[in-house]
Protein chains: 2
Amino acid sequence: MDDLRPEKLYEQVKTYLRTGIAAGTWKAGEKIPSEFELMERLGASRMTVHRALRELSAEGVLLRVQGAGSFVQPPAPRSPLLEIYDIAEDITRRGHVHRAQVLALDSRPAGAEIAVEFSLRHRTKLFYSEIVHFENEVPVQLEERYVSPAFAPDYLAQNFTAITPNRYLQSIEPPHEVEHIIHAGQPDARVQRLLQLAAHEPCLCLLRRTWAKAGPATRSLLTHPGSRYSLGSRYKLADFNARPG
Amino acid sequence: MDDLRPEKLYEQVKTYLRTGIAAGTWKAGEKIPSEFELMERLGASRMTVHRALRELSAEGVLLRVQGAGSFVQPPAPRSPLLEIYDIAEDITRRGHVHRAQVLALDSRPAGAEIAVEFSLRHRTKLFYSEIVHFENEVPVQLEERYVSPAFAPDYLAQNFTAITPNRYLQSIEPPHEVEHIIHAGQPDARVQRLLQLAAHEPCLCLLRRTWAKAGPATRSLLTHPGSRYSLGSRYKLADFNARPG
DNA sequence: AGGGAAAAGTTGTATATACAATACGCATCC
DNA sequence: GGATGCGTATTGTATATACAACTTTTCCCT
């Protein structure tokens with residue numbers, strides 16, 4: 001499972017800087033060492049260091065000013081919203097530690113509402129998983145997921161502390177169609193406890209449904225603490241102006 | 001205003017490919033010329049061509065497969081959530097009646113946080129508007145918007161009961177870059193009153209910032225009643241698996 | 001015909017070099 | 001004091017080269 005190949009050199013440079021920023025070696029707004037300095041310190045060529053810095057700049061981690069230097073950008077609170085983003089990836093990219101706690105992983109009859117969504121007869125069985133995701137041991141997401149057995153027959157045999165359901169399902173077959181619905185809600189007592197929410201703290205709920213070519217595949221309700229998590233995206237529109245016809 | 005400097009060479013290569021794809025020279029799924037071929041055709045070095053292709057790949061325009069070639073990706077599906085949707089349009093499309101109540105429309109000094117976002121000195125004046133949007137006389141959105149005077153000099157002269165700020169600003173110049181951040185929050189007493197919220201009812205907050213080519217343009221905080229409003233999108237993903245032989 | 005090795009083609013990474021463009025401090029000049 | 005210009009530091013672009021990694025095609029041997 002693990003990728004044993006060594007990280008590419010430019011990736012090593014990126015990791016070096018990212019962990020340094022996460023560790024507070026360089027704080028937001030501060031200047032990081034110059035390309036030349038990093039080149040000597042890390043033993044890579046300037047072009048390799050340059051590439052690493054350019055990519056970090058494109059990712060919004062750094063702001064580079066020609067003639068002046070490279071500066072740490074304040075972290076943009078973001079998760080690519082409409083992509084099938086993976087929360088574990090998201091957390092580790094921020095340089096934090098991700099842990100998943102599996103509360104349930106079984107097969108259970110679909111309730112009326114769920115059955116309709118999956119175009120199944122009432123009480124037909126579906127796979128179900130319930131996982132709490134922690135960022136630095138703070139709960140940031142409750143994931144309640146129904147999966148069609150026809151789509152992922154081996155779902156129950158997976159170890160979801162090692163690989164997220166998201167990533168596992170993606171590896172089977174990328175979805176053909178996706179739906180996202182976002183709303184703000186008041187958690188019930190159980191959710192409040194699982195996410196360690198303060199009294200009356202709202203939560204941000206993201207309902208994501210996916211379809212494979214064969215039919216409905218998954219239905220996940222992702223609940224986040226309102227005060228500790230936000231969804232975001234930022235992108236350039238420039239490229240979409242020129243269109244044929 | 002126009003940038004008279006010649007486009008960078010790698011940008012020229014990107015433009016060459018983008019226009020070729022737009023013109024149908026290479027269709028989705030098809031293979032584009034190899035780096036070597038492009039290098040000879042365009043008179044750039046392979047590294048320069050390589051950089052152009054790598055960036056197009058990162059942008060999702062191309063799919064590159066080591067050892068095989070570079071293939072045109074089907075255009076990425078965009079969702080209404082990330083577009084600049086207009087709530088008046090949204091409401092009328094549902095067949096309901098939209099009404100806007102303008103609570104404020106003035107010029108006011110930017111607070112510390114806002115000034116930083118607009119790259120302005122503290123207390124420089126910005127245009128500000130505050131509008132409640134009603135769907136069938138039920139409040140569904142509180143719109144608190146800051147606008148750069150440099151971007152929209154005539155902003156204060158508009159009648160925002162007739163045209164939404166959104167639509168007006170779009171007519172000046174479509175944004176070059178957009179950021180959306182969504183979170184769930186607890187409204188303060190004032191918001192609670194304006195949106196006629198029940199006690200402890202959470203709200204869904206969408207912070208949208210836009211940039212024009214010249215710099216920061218607008219910053220809107222759109223607050224919705226959690227129980228009466230949700231954001232959603234559904235779209236088809238292209239088939240990324242198949243690649244022609 | 002089939003299998004498999006070899007070759008060719010294509011992209012990925014890394015380096016060295018050169019020069020251009022920009023920012024900033026410092027000395028100079030008026 | 002203030003404006004000007006210059007040198008240095010730093011990032012941006014472009015090129016040539018080399019080799020690695022991977023895919024596809026060719027071709028030879030069985």
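Only this structure's heavy atoms are used, side chains among them; waters, hydrogens and symmetry mates stay out.
Take A:Y128 and apply the ring-ring contact (aromatic ring centres under 6.0 Å, His included) test, not counting sequence neighbours, and it matches A:Y146. Shown here are the salt bridge (charged side-chain N to carboxylate O under 4.0 Å, His left out) partners of A:R228, two or more places apart in sequence or in another chain: there are none. Taking the salt bridge (charged side-chain N to carboxylate O under 4.0 Å, His left out) definition, one finds that A:E130 meets it with A:R190, sequence neighbours left out. Residues that satisfy the ring-ring contact (aromatic ring centres under 6.0 Å, His included) test with A:F151, not counting sequence neighbours, are absent from this structure.
If you take CG of B:L42 and P of D:dA14, they are 13 Å apart, rounded to a whole angstrom. Taking atom CD of B:E40 as the reference point, atom P of C:dT10 lies 11 Å away to the nearest angstrom. At whole-Å resolution of the value, CE in A:M47 and P in C:dT17 are 13 Å apart. When rounded to the nearest whole Å, the span between CG of B:L38 and P of C:dG9 equals 17 Å. Computed from coordinates, the A:Q12 CD to C:dT15 P distance equals 10 Å when rounded to whole Å. Here the C1' atom of nucleotide D:dA20 and the CG atom of A:L9 are 14 Å apart, to the nearest Å.
B:S107 and B:Y155 form no side-chain donor-acceptor contact under 3.5 Å, judged by distance and modelled atom types alone. There is no side-chain donor-acceptor pair under 3.5 Å between A:H98 and A:E135. Side chains of A:N159 and A:T161: a donor-acceptor N/O pair is present below 3.5 angstrom, by distance only.
Distances shown here put every side-chain N or O of A:S45 at or beyond 4.0 Å from the OP1 or OP2 atom of C:dA16.
Looking only at distances, no side-chain donor or acceptor of B:E40 sits under 3.5 Å from a matching main-chain atom of B:F36.
Taking every heavy atom of residues 16-24 of chain A and every atom of DNA chain C, no pair lies under 4.0 Å.
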- Query: Where along nucleotides 6-12 of chain D does protein come under 4.0 Å, by heavy atom, of base (B) or sugar-phosphate alone (S), with - for untouched nucleotides?
  - Reply: ---BBBB
